[in-house]
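All values reported here derive from a predicted model rather than from experimental measurement. We count ligands from 1, going down the list as the structure has it; atoms in each ligand are counted the same way.
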Amino acid sequence: MRRSKFKNSLSGKQRRLSEAHEIELLDSWIEVMKPDSGTNPLSIPPPPPTAPVGRILGGGFSPYAGCKLFRQLPISQKTKDGLAPKYTEMSEIQRASLPHSLCGRDILGAAKTGSGKTLAFIIPVIETLYRARWGPEDGVGSIIISPTKELAGQLFEELKTVGKHHSLSAGLLIGGRKDVDEEKQRVNSLNILVCTPGRLLQHMDETPNFECSQLQVLVLDEADRILDAGFKMEVDAIISQLPKQRQTLLFSATQTKSVKDLARLSLKDPEYISVHAESVTATPERLKQIAMIVPLDQKLNMLWSFIKANLHSKILVFLSSCKEVKFVYEAFKKLRPGIPLKCLHGRMKQNVRMAIYLEFCEKTSVLFSTDVASRGLDFPGVDWVVQVDCPEDIPAYIHRVGRTARFTSEGKSVLFLLPSEKEMFTKLQAVEPKIPIQLKKPKTEKLQPISELLSSLLVKYPDMQHLAKRAFVTYLKSIHLQRDRDVFDVSKLPIEEFAASLGLPMTPKIRFISQKQTKQKASVETIHEQENGTKVVNREMQSIDRSNMEIEDDVLLPKETSLIDAEGNKPADLSTRVLKKKKLKINVHRPLGTRVKYDEEGNVIPPLAALADMDSGDGALHPDKVKERYAKLREEMKERDKEDKILHRERLRDRRTKEKIKRKRWREGEEEVDKEDGGSESDDTEKGKHKRSKIYFDSDNDDDEKKGKENVGVSADSVSIAEQEALALKLLSSMHS
Ligand code: ADP
Ligand code: MG
């Protein structure tokens, strides 16, 4: 961003004088032409030519109502030069918000996906610091926070373009980069930080003398996402370290309405700018949206057929988990559809992630992705957004489809819904403003079934079988963990057909356990008092309620331990579809304490008769034998007690390790808790080392992360199901970033 234009033609002194003069003019222009608070220049007429400037006319007016070009705004020549020639005319959100943000007001801006919100905050950031004559010694003047690394990278690029003639310095601080130490040395001299919450917090915690007490402008892009529960800890900690006297700009296509959220940010009389409030649709007008009912076991056939029918289109495919993305990508790649395929998810190394992102910007191809690509990313020319797995809610839907039909371009989207997820369609149709989505019948005659092909692939490549199993399990888990119970119901899914459709020869083991019962432990001991006062210890395996399920947790559990049963034994093999059916059920209704025993002839003997002295003929209990038996039972109980204690200690240790890893992750600055890695920003690194404006901190601490990940593994027995679920929920919700 080092300025160049003035430097060539003017001496340093002249330049400073001319800058001072320009800033003076801009300041007075802004002061005199302040639009009335609460006015939207889009919806009110410009003042009549005779009206005194700055006066309120009736319902108020905006001197900027007629302004459609960037050059009509009170912004510096350098910014205008940075905007031209690409940007001349303003988009609606820019026209509506810039007059307010340029005079220092807080903004809560909502505008459809692809409508140009980025410039609506980048311009005031640059202008405010320029007019304040911000220099290297002034430290951090503005912080721009993005929920994902790719989006942060994209914002940083836009900032570099628009600010290229300014002498402000900016840095991209995102997780997973090498040389945090180098970053720490430089971060204090940067004026604008573009970052993900975790990495920013890491600097706040660890960088000596990290200073942001002079912060002028805080920006939250995708504000509703940044303010949601997934980032709560980081964002609260960040905000507590920022000065209250500052300008705050919040932008998103689906804006937060929570007063609590806004209170957290202590906004001062924010301007609520919603350019699509009057619009009939919540999604871009040029976007054609359809939904189709596709049974779970037909999804891959449908996706394959869709890709084969659109070989010349740029297609973005959303799936719900990294594992699914990996499997579908690898499998389809081997089946060679005739169009380049790519995949993007949080478990990839950061440098690979960035490379894929850039490649998909350039080339016609199919990109399989998790929700990591659902927000903010501006891939040019996406023809189709295909949602193979149902989005978690309506905002998620809006952001996913928003990857196409951006700015003035057209786009199409298709949503696959399971028969049991039809309620999502009803919900989408019911929202205001509307989402114009139509239900279409899939053309089943054009369907190309690929399950057979997948089966043979899995035979040929054993690794693929593992991927398929993982995909199967994580998909079911993601459905199980969804909050919207009207839409998502794992018990309605044709699980065996689904496994077969992935080419799996057998259904991977999934365990259904009711939460209530898991809390009680699967193995239950009771001391049952008989009428005669004799105490009998019973140790019975409880039968398992299948109404709810606990799924083998591949994110939390290492492969070796994930299949440990309630008794701590490892089953010999994954159960097959056949085995599953054969599995014996234990009758829960059988009264406790009535363990049936047989004598050598196979006759049933009454409880405790085994202890009776048969020789005495009256069946009475022999006191010595009873004593002996109780002594034995006591020993057994003591033994079990010891085991329990060891187990408890292990549990505590695991929990501590988990907490430690969690804390470490947060510090690592990731938008996704479940990713293993970080990485480097490839090409700009070298350049960045020499130019302040292009500092690209290169790093790759994925090794550490991986080590951490391995430790995450906890055995099924050592953590309660509630804890596992809470953690899994966290992992999944952050996966949906
Ligand atoms: P949003 O954040 O609202 O989803 P972006 O800021 O990513 O949208 O902008 C979407 C696209 O529109 C980008 O490619 C951007 O370069 C382009 N764009 C934004 N504003 C303008 C403008 N005023 N004139 C031309 N193109 C613009
Ligand atoms: Mg955006």
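For atom 23 (N) of ligand 1, the closest non-hydrogen atom of the protein is Glu89 O, 2.7 Å. The shortest contact between atom 22 (C) of ligand 1 and any protein heavy atom is with Phe407 CZ, 3.3 Å. Among all non-hydrogen protein atoms, the one lying nearest atom 20 (N) of ligand 1 is Gln94 NE2, 2.9 Å. Ranking the protein heavy atoms by distance from atom 14 (O) of ligand 1 puts Asp378 OD2, 2.4 Å first. The protein non-hydrogen atom at the shortest distance from atom 15 (C) of ligand 1 is Tyr87 OH, 3.8 Å. Remark: minimum distance from atom 7 (O) of ligand 1 to any protein heavy atom is reached at Arg406 NH2, 2.9 Å. Closest protein heavy atom to atom 3 (O) of ligand 1: Lys117 NZ, 2.8 Å. The protein atom (non-hydrogen) at minimum distance from atom 6 (O) of ligand 1 is Thr118 OG1, 2.5 Å.
Every atom of ligand 1 is numbered from 1 in the order shown, and the set under 4.0 Å from a heavy atom of Thr113 is 4 (O). Set against the non-hydrogen atoms of Phe70, the atoms of ligand 1 under 4.0 Å away are 23 (N). For ligand 1, the atoms lying closer than 4.0 Å to a non-hydrogen atom of Lys112 are 3 (O). Close contacts between ligand 1 and Lys86 involve ligand atoms 16 (O) [criterion: under 4.0 Å to a heavy atom]. Here is the list of ligand 1 atoms found below 4.0 Å of a heavy atom in Ser91: 23 (N).
Residue Gly116 has at least one N or O atom closer than 3.5 Å to an N or O atom of ligand 1. Taking any N or O of Gly114, backbone or side chain, at least one lies under 3.5 Å from an N or O belonging to ligand 1. At least one N or O atom of Ser115, backbone or side chain, sits closer than 3.5 Å to an N or O atom of ligand 1.
Rounded to the nearest 0.5 angstrom, Ser266 OG and Leu242 CG are separated by 9.5 Å. Rounded to the nearest 0.5 angstrom, Thr248 OG1 and Asp106 CG are separated by 4.5 Å. How far CD of Glu222 is from CG of Leu220: 11.0 Å, rounded to the nearest 0.5 Å. In this structure, NE2 in His165 is found 10.5 Å from CD1 in Ile126, a value given to the nearest 0.5 Å. To the nearest 0.5 angstrom, His203 atom NE2 is 3.5 Å from Glu183 atom CD.
Checking Lys427, Arg483, Arg400 one by one against Glu392, the salt bridge (charged side-chain N to carboxylate O under 4.0 Å, His left out) holds for a single residue, Arg483. Exactly one of Thr113, Asp371, Thr254 qualifies for a side chain to side chain donor-acceptor pair (under 3.5 Å) with His399. That residue is Thr254.
Taking 4.0 Å as the cut-off, Ala111 does not count as a neighbour of ligand 1 on heavy-atom distance.
The aromatic rings of Phe306 and Trp384 sit perpendicular to each other, their planes meeting at more than 60°, with 30° as the lower class boundary.
A centroid separation of 6.0 Å or more is found between the aromatic rings of Phe368 and Phe318.
Under a cutoff of 6.0 Å and an axis angle of 45°, Lys314 and Phe360 form a cation-pi pair.
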Stepwise, does the side-chain hydrogen bond (donor to acceptor under 3.5 Å, both in side chains) test hold for Thr79 with Glu127?
CA-CA 8 Å; Thr79 299; Glu127 285 299 297; 2.5 Å; yes
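At a heavy-atom cutoff of 4.0 Å, ligand 1 is contacted by no atom of Phe251, backbone or side chain.
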